[in-house]
Amino acid sequence: MATDPKEIVLDLSPFFRLLRDGTCQRLGPAQFVPPSDDDPNAAVRSMDVTVDAETGVSVRIFAPRRRDPPQKLPLVVYIHGGAFCVGSVASPVFHNFISNLVEKANVVAVAVEYRLAPENPLPIPFEDSWTAFQWIASHAADGGGPEPWLNDHADFRRVFVGGESAGATIANDVAIRAGVRGFAGVEIVGLFLVHPFFGGKEEDKLYKSLCPTSSARDDDPRLFPAVDPRIGQMAGRRVVFFVAEKDFLREKGKGYYEGLKKSAWAGEAEIMESEGVGHCFHLFDTTSDKAVAITHRLVELFNTC
């Protein structure tokens with residue numbers, strides 16, 4: 001009997017289902033927030049920029065409303081989560097969270113719009129994010145880069161890289177590659193990994209479905225970067241981990257935290273745990289005390305390192 005190409009091979013309702021033919025059935029209505037550079041009353045302005053015309057990889061840049069005289073502000077490179085399969089920098093949860101961070105911390109943020117799996121198989125989301133980071137870093141060179149917002153307002157000696165869930169996984173990979181590669185005029189000061197998607201002793205069925213050549217365990221350097229032979233070169237002086245008590249990824253995040261502290265990387269790692277809440281709760285319950293505490297810690301990180 002022939003197999004049904006639309007057979008569900010992994011059901012992660014209410015978010016998405018992976019089908020046997022290598023496509024993704026994304027559930028729920030698609031919602032998008034446009035950039036807002038033309039609203040004079042907005043505390044934060046934003047704009048979309050295409051980084052690679054061939055692949056369509058783009059970024060959304062967020063900056064506080066113009067000030068005189070212009071200031072150089074810390075630069076936050078943000079990579080959104082969504083299990084590598086869903087989400088966008090234009091999704092309301094991500095756009096609003098980043099806008100709030102930019103307003104509270106007085107930073108410039110660049111959020112990466114990478115191509116989604118499984119239609120774009122892993123490691124494409126990793127490669128797209130690396131492409132975007134190299135584009136961002138090009139603005140630190142003499143003469144600057146193509147985007148005036150970054151040339152005029154970003155302090156490339158105070159760069160922070162991070163994200164949540166799968167975005168944190170990708171962000172950690174970017175930090176390792178940036179440390180190995182090196183960029184003149186660019187200093188990644190810190191990383192923030194919110195409810196990160198890392199590997200453990202057991203095979204991760206989602207990751208295995210998206211990347212069949214991976215063991216999908218903690219011997220894959222992308223899923224457990226402590227085993228990456230380049231870990232000692234990872235950029236950043238500090239990594240802040242955020243975990244949640246009821247998050248199914250909690251133990252894997254804590255596992256990498258412990259592994260990083262024992263690795264050849266010479267920076268400082270710290271961890272903050274939110275009690276009684278689950279995965280990425282802060283994106284959906286934004287005004288709760290525990291969500292506000294995460295924002296407060298990020299603001300503190302961006303302004304004290």
Next on the checklist: One pair to check against side-chain contact (heavy atoms from CB on, under 4.5 Å): Met234 and Val239. What are the steps and the verdict?
Outcome noted: CA-CA 11 Å; Met234 184 171 75; Val239 179; 4.0 Å; yes

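- Using a distance-only test at 3.5 Å, with no hydrogens or angles considered, a donor-acceptor pair links the side chain of Ser88 to the main chain of Ala90.
- Between Pro146 and Ser138, the shortest heavy-atom distance links the atoms CD-OG, 4.2 Å.
- Nearest heavy-atom pair across Pro35 and Arg60 is CD-NH2, 3.2 Å.
- Linking Ile, Leu, Val, Met, Phe, Trp and Tyr whenever their side-chain heavy atoms come within less than 4.5 Å leaves Leu150 and Ile98 in two separate clusters.
- Using a 4.5 Å heavy-atom threshold, the side chains of Lys72 and His153 count as separate.
- Around the CD atom of Glu7, the shell of radius 6.0 Å holds more than 12 heavy atoms that belong to other residues, nucleotides or ligands.
- In this structure, the side chain of Asn303 engages the main chain of Val299 through a donor-acceptor pair within 3.5 Å.
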Checklist entry - Is there a side-chain hydrogen bond (donor to acceptor under 3.5 Å, both in side chains) between Asp48 and Ser58 once you walk through the steps? => result CA-CA 7 Å; Asp48 293 338; Ser58 65; over 6 Å; no

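- Looking at heavy atoms from C-beta onward, Arg177 lies in side-chain contact with Asp173 at the 4.5 angstrom threshold.
- Distance alone, capped at 3.5 Å, places no donor-acceptor pair between the Ser13 side chain and the Phe15 backbone.
- Two residues are said to be in side-chain contact when any heavy atoms from C-beta on lie closer than 4.5 Å; Leu75 and Phe156 meet this criterion.
- Formation of a donor-acceptor pair under 3.5 Å by the Thr169 side chain with backbone atoms of Phe197 is found in this model.
- A pairwise comparison of heavy atoms in Val107 and Val102 identifies O-CG1, 3.1 Å as the closest pair.
- Looking at heavy atoms from C-beta onward, Arg237 lies in side-chain contact with Glu187 at the 4.5 angstrom threshold.
- Panel note: side chain Trp265, backbone Gln233; no donor-acceptor pair is recorded below 3.5 Å.
- Taking hydrophobic clusters as Ile, Leu, Val, Met, Phe, Trp and Tyr residues chained together by side-chain heavy-atom distances below 4.5 Å, Val51 shares a cluster with Leu116.
- Checked by atom type and distance alone, the side chain of Asp285 never pairs as donor or acceptor with a backbone atom of Phe281 at under 3.5 Å.
- Between the side chains of Asp52 and Thr131, no donor N or O sits under 3.5 Å from an acceptor N or O.
- Of the residues listed (Ile61, Val110, Val49), the one engaging Trp149 in a side-chain contact (heavy atoms from CB on, under 4.5 Å) is Ile61, and it is the only one.
- A distance-only check finds a donor-acceptor pair linking the side chain of Glu164 to the backbone of Gly81 [under 3.5 Å].
- Ion pairing between a basic and an acidic side chain is recognised when a charged N comes within 4.0 Å of a carboxylate O; Asp4 and Arg20 show no such pairing.
- The cationic atom of Arg181 (NZ for Lys, CZ for Arg) lies less than 6.0 Å from the six-membered ring centre of Phe183 and within 45° of the ring axis.
- Salt bridge absent: Asp155 and Arg157 never bring a charged side-chain N and a carboxylate O closer than 4.0 Å.
- With rounding to the nearest 0.5 angstrom, the CD1 atom of Ile231 is 5.5 Å from the CG atom of Leu260.
- For the pair Arg26 (side chain) and Cys85 (backbone), a donor-acceptor distance under 3.5 Å is present.
- Here His282 and Phe242 keep their ring centres 6.0 angstrom or further from each other.
- Among all heavy-atom pairs drawn from Gly162 and Ala171, the shortest one is CA-CB, 3.6 Å.
- Taking the ring centre of Phe126 as origin, the terminal cationic atom of Arg222 falls inside the region bounded by 6.0 Å and 45° from the ring axis.
- Aromatic ring orientation, Trp135 versus His139: perpendicular (interplanar angle above 60°, classes split at 30° and 60°).
- Annotation: Tyr114 is in aromatic contact with His80 [ring centroid separation under 6.0 Å].
- There is no side-chain donor-acceptor pair under 3.5 Å between Asp218 and Tyr256.
- Under the 4.5 Å side-chain contact rule for hydrophobic residues, Val76 and Leu73 do not share a cluster.
- Between the CZ atom of Phe16 and the CD1 atom of Ile8 there is a distance of 12.0 Å, given to the nearest 0.5 Å.
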Item to check | Intermediate values then yes/no, side-chain contact (heavy atoms from CB on, under 4.5 Å), Leu206 and Leu18 | outcome: CA-CA 9 Å; Leu206 171 61; Leu18 296 182; 3.9 Å; yes

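- No donor-acceptor distance shorter than 3.5 angstrom exists from the side chain of Ser91 to the backbone of Val93, with no hydrogens or angles considered.
- A salt bridge between Asp204 and Lys252 is present, with a side-chain N of the basic residue lying under 4.0 Å from a carboxylate O of the acidic one.
- In this structure, the side chains of Arg115 and Pro125 stay at 4.5 Å or more apart for every pair of heavy atoms.
- Sparse packing is recorded around NZ of Lys246, with 12 or fewer heavy atoms of other residues, nucleotides or ligands lying under 6.0 Å away.
- No donor-acceptor pair closer than 3.5 Å links the side chain of Ser274 to the backbone N or O of Val277.
- Inter-residue side-chain proximity for Asp11 and Arg17 is flagged as met; some heavy-atom pair is nearer than 4.5 Å.
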Next on the checklist: Please determine whether side-chain contact (heavy atoms from CB on, under 4.5 Å) holds for the pair Asp128 and Val112, giving the CA-CA distance in whole Å, both sets of side-chain angles, and the decisive distance to 0.1 Å.
Outcome noted: CA-CA 8 Å; Asp128 286 353; Val112 178; 5.6 Å; no

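- Here the side chains of Leu19 and Val9 are not in contact, with every heavy-atom distance at 4.5 Å or above.
- Here the OG atom belonging to Ser129 is positioned 10.0 Å from the CD atom belonging to Glu113, to the nearest 0.5 angstrom.
- Here the straight-line distance linking atom CD1 of Ile79 with atom OG of Ser165 works out to 12.5 Å at 0.5 Å rounding.
- Between Phe160 and Phe302, a ring centre-to-centre spacing shorter than 6.0 Å is recorded.
- Of all the heavy atoms in Arg238 and Arg297, the pair that sits closest is NH1-NH2, 4.0 Å.
- Cluster annotation: Phe241 and Leu223 are assigned to the same hydrophobic cluster (Ile/Leu/Val/Met/Phe/Trp/Tyr, side-chain heavy-atom contacts under 4.5 Å, transitive).
- Rounded to the nearest 0.5 Å, atoms CZ (Arg217) and OH (Tyr207) are 14.0 Å apart.
- Side-chain atoms of Glu103 and Pro64, non-hydrogen and from C-beta on, never get closer than 4.5 Å to each other.
- Taking the centre of each ring, Phe62 and Tyr78 stay at or above the 6.0 Å mark.
- Contact detail for Leu191 and Gly236: the closest heavy-atom pair is CD1-CA, 4.3 Å.
- A distance of 8.5 Å separates NZ in Lys261 from CD1 in Ile271, rounded to the nearest 0.5 Å.
- Val44 is not connected to Val89 by any chain of hydrophobic side-chain contacts under 4.5 Å among Ile, Leu, Val, Met, Phe, Trp and Tyr, and they are in different clusters.
- Other residues, nucleotides and ligands place no more than 12 heavy atoms under 6.0 Å from the NZ atom of Lys290.
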Checklist entry - What's the verdict on side-chain contact (heavy atoms from CB on, under 4.5 Å) for His279 and Arg250, showing C-alpha distance, side-chain angles and the deciding distance? => result CA-CA 8 Å; His279 189 64; Arg250 172 179 178 266; over 6 Å; no

